[in-house]
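Every heavy atom of this structure was used, including side-chain atoms; hydrogens, water molecules and symmetry mates were not.
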Amino acid sequence: MRPFNYQRAADAASAAKAAAQHPGARFIAGGTNLLDLMKLQIETPPLLIDINHLGLDRIEKIDGGGLRIGALVRNTDLAADKRVRRDYPVLARALVSGASGQLRNKATTAGNLLQRTRCAYFYDTRMPCNKRKPGSGCAALGGINRGHAIMGTSDACIATHPSDMAVAMRVLDAVVETVRPDGTTRGIPIADFHLLPGDTPHIETALAPGEMITGVLLPPPIAGRQIYRKVRDRASYAFALVSVAAVVGPDGQRFAFGGLAHKPWRVEAAEKLKGAEAIAASVTLGARTTEHNAFKLRLVRRTLGAVLAEMEA
């Protein structure tokens with residue numbers, strides 16, 4: 001790990017300002033992903049800004065019936081909150097599907113959204129990776145890519161986003177709240193927060209330099225059943241090959257998918273269709289597969305079919 005400076009932020013605005021003044025600086029809270037990346041020297045921030053003491057660890061009811069989740073709410077606490085379990089069970093189920101109990105005790109809401117891909121070539125500094133070193137190439141394109149993306153990919157990157165929580169938040173139409181270095185705030189719809197790789201896979205979110213997540217807004221609860229189903233190589237502590245977050249109720253159906261793309265994948269036009277076959281075909285229209293990951297097309301259909309069957313049971 002390379003040497004770095006440490007600073008404890010006094011408030012969110014000053015944290016964002018400090019990050020903008022030190023290119024490459026990173027905010028640290030749980031550190032469950034960042035510290036690993038620093039040990040491998042994939043991340044080499046000159047400054048770590050500690051934001052653990054900013055009071056962003058509360059879950060609060062907001063006008064209109066939704067919830068505001070502070071950026072520093074731990075995954076365990078969010079999954080266990082009685083309002084989340086009652087009104088947003090898809091989110092609670094997604095959270096407990098991720099990582100391990102020990103990691104969920106430390107991992108935060110903002111950190112979960114910002115975690116970086118688990119592509120093995122991204123973590124192997126001997127291999128070319130456009131996400132780690134822009135312009136160096138993508139070893140995954142011709143390598144072992146069984147778990148990689150089939151939607152929204154490019155010649156520069158076929159990595160997937162690893163978050164389970166983000167998939168559930170996408171189906172719920174959450175909004176990410178931020179503060180910018182000049183002290184102004186904004187809300188970014190979760191649909192626009194994560195970016196597809198294009199020619200710049202190292203730019204992963206819509207955040208500007210120094211901009212810091214302060215919370216996530218959940219809209220009022222949606223009537224109907226909510227399910228999160230995750231298919232993976234082992235029963236715990238593994239990332240999704242395919243996951244489905246689903247809400248089906250009197251006002252229609254919604255589906256968001258993990259394990260398919262550089263961001264949570266949702267095709268709203270597909271939600272107007274009926275049956276797993278038709279919905280899956282629409283969701284994966286234009287898929288770009290490899291020899292190793294083409295099975296994901298069938299897995300989407302079968303996982304979605306299992307979700308719909310559970311909804312009807």
Check your understanding: Do I49 and I28 touch side chain to side chain, with heavy atoms closer than 4.5 Å?
Key -> no
Review point. Can R8 and H53 be counted as having a side-chain donor-acceptor contact under 3.5 angstrom?
Key: yes
Point to revise | Residues which pass salt bridge (Lys or Arg N to Asp or Glu O under 4.0 Å) with K17, listed by chain and number, not counting sequence neighbours | key: none
Review point. To the nearest 0.5 Å, what is the distance between CD1 (I203) and CG (L195)?
Key: 8.0 Å
Check your understanding: Nearest 0.5 Å, what's the CZ-CD1 distance between F295 and I150?
Key -> 9.0 Å
Exercise for review: Would you kindly say whether T290 and N293 are connected by a side-chain donor-acceptor distance under 3.5 Å?
Suggested key: yes
Check your understanding: Rounded to the nearest 0.5 Å, how far apart are CD of E211 and CZ of F27?
Key -> 9.0 Å
Practice item. Say whether S163 and N112, considering side chains only, have a donor N or O and an acceptor N or O under 3.5 Å apart. Key: yes
**Study point:** Validation row: E312, V307 side chains within 4.5 angstrom (heavy atoms)
**Key:** no
Practice item. Could you point out which residue of I222, L78, V171, L218 forms a side-chain contact (heavy atoms from CB on, under 4.5 Å) with Y88? Key: L218
Exercise for review: Can you run down the side chain to side chain donor-acceptor pair (under 3.5 Å) pairs that involve residues 239-253, sequence neighbours left out, and say none if there aren't any?
Suggested key: Y228-S243
Exercise for review: Examine H194 together with H262 and report whether their ring centres are nearer than 6.0 Å.
Suggested key: no
